[in-house]
Structure formats: C-alpha cells, structure tokens
Amino acid sequence: MPSAFLPQLSRHTLEAALQNKDETVLYELLVEPLHEALYKENDFAFMNRLSDGQQLLLSFDYVRNQVGQGGFIQLLVNGYAPLLLNMPQWLGSIGADEMAQVIDDALKVYVLNINYFKPDISVEDFGKLYEELKEFEAIDKRYEAYCPDTIHKIAQYITGHLSEYCQMTDE
C-alpha cells in the first residue's frame, strides 16, 4: 500500500544518513517524522495511511522502545499488542525471520495469558507479571539478540525503497 504521508527530507540530510556507517542514523531520521505525525494526530488510525514499510518501521520502533525498557510485558501492559499483529509478515518480507518468530512467539504467549493484561492493572500487579509470566524472559533475550540484525535489515530495506519513506528535496 502506498503511503499518504511522506515527510520531506533534504537531499544532503538523506545522503549523509545513507553514507553513515551507523544504520541507526537512517533509521532514526525516517522514524522521527512518523512519531511526530502520530503524536500530532493522537490516533493510531494514522497507521492506516502509511505504507507497509512505514508501518513496520514505526511499529518496530515502539517495540524497540518498550521492550528495551521493560520487555514484552511492558509493551503488552501498555496496550501495544495490536502493533504486533502484522509484524511477523512484514519482518519475514525483509528477511528478518528470526525476529518475526520472536514477535509471533510473544503474541502466542500474550494470547494464552490475555487475562493478565488488563487496562487498569495496578503497579503492584504489573510487577508481579514478571514473576508469573516467565515465558517472556526467553522471548526478551531472543529479541535482544536479534534486534541489531533486524535494524540492519530494516535499514537495508529502506535504502532500497526510499520513495516509500520520504520525498527528497533539493534544499
């Protein structure tokens, strides 16, 4: 699906990010405007206006931020499970099969334990989830192991499909 939202980036900025050996520079450059637009709209329906690649980038960045702070339990308690639904397919399409399996496994454990993830969970009950749902420990570790390679594969995909992510300007 083509994007209805294409941020404009200067040729110089984009070329500098593409030449940088740190692929997170390109990743961050393209995910930032997506976060800003989502924040302004304050509605996840915004995601429906994005291309599959943009949805993957933004969804994976939510996963990266949430799981990096408190594992999949934090991501799921914070209500971001819907962001995971299409990720295995998207990740598989860019060759990130290991991460696709991690996300799929996290979804399976979530579905089996969905009653634990209530919107009004107390801080105390949230803390107990880490003791009660030990299955997520191994999933979190696998996520950490595959995250750098997944960012690499996302950056490679972006490089080959720049027009899906932004419009280049001569400014």
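Checked against ring pair (Phe, Tyr, Trp, His ring centres under 6.0 Å), Y116 has no partners two or more places apart in sequence or in another chain. In terms of the ring pair (Phe, Tyr, Trp, His ring centres under 6.0 Å) criterion, H152 has no residue partners (sequence neighbours excluded). Applying the ring pair (Phe, Tyr, Trp, His ring centres under 6.0 Å) criterion to H12, with sequence neighbours excluded, gives no partner residue. In this view, E98 satisfies the side-chain hydrogen bond (donor to acceptor under 3.5 Å, both in side chains) rule with no residue, not counting sequence neighbours.
Ring-plane geometry between Y110 and F117 is classed as tilted, the angle between the planes lying from 30 to 60 degrees on a 0 to 90 degree scale. Ring pair Y143/F60 is tilted by interplanar angle, where 30° to 60° counts as tilted.
Side-chain polar atoms of T169 and Q8 form no donor-acceptor pair below 3.5 angstrom. Side-chain contact, D105 with Q101: a donor N or O sits under 3.5 Å from an acceptor N or O. Looking only at atom types and distance, the side chain of Y130 has no donor-acceptor partner in the side chain of E137 under 3.5 Å away.
A salt bridge is absent between K118 and D125; no separation between the charged side-chain nitrogens and carboxylate oxygens falls under 4.0 Å.
Between the CG atom of L9 and the CD atom of E15 there is a distance of 11.5 Å, given to the nearest 0.5 Å.
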Donor-acceptor pairs under 3.5 angstrom involving side-chain atoms of residues 73-80: please list them, not counting sequence neighbours.
unit_1 : atom_1 : unit_2 : atom_2 : d
Q74    : OE1    : G70    : N      : 3.4
Q74    : NE2    : Q66    : OE1    : 3.2
Q74    : NE2    : Q69    : OE1    : 3.3
N78    : ND2    : Q66    : OE1    : 2.6
N78    : ND2    : Q74    : O      : 3.4

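Across every non-hydrogen atom of L107 and A81, the tightest pair is CD2-O, 4.3 Å.
Counting only residues at least two apart or in different chains, ring pair (Phe, Tyr, Trp, His ring centres under 6.0 Å) contacts with residues 19-41 comprise H35-Y62.
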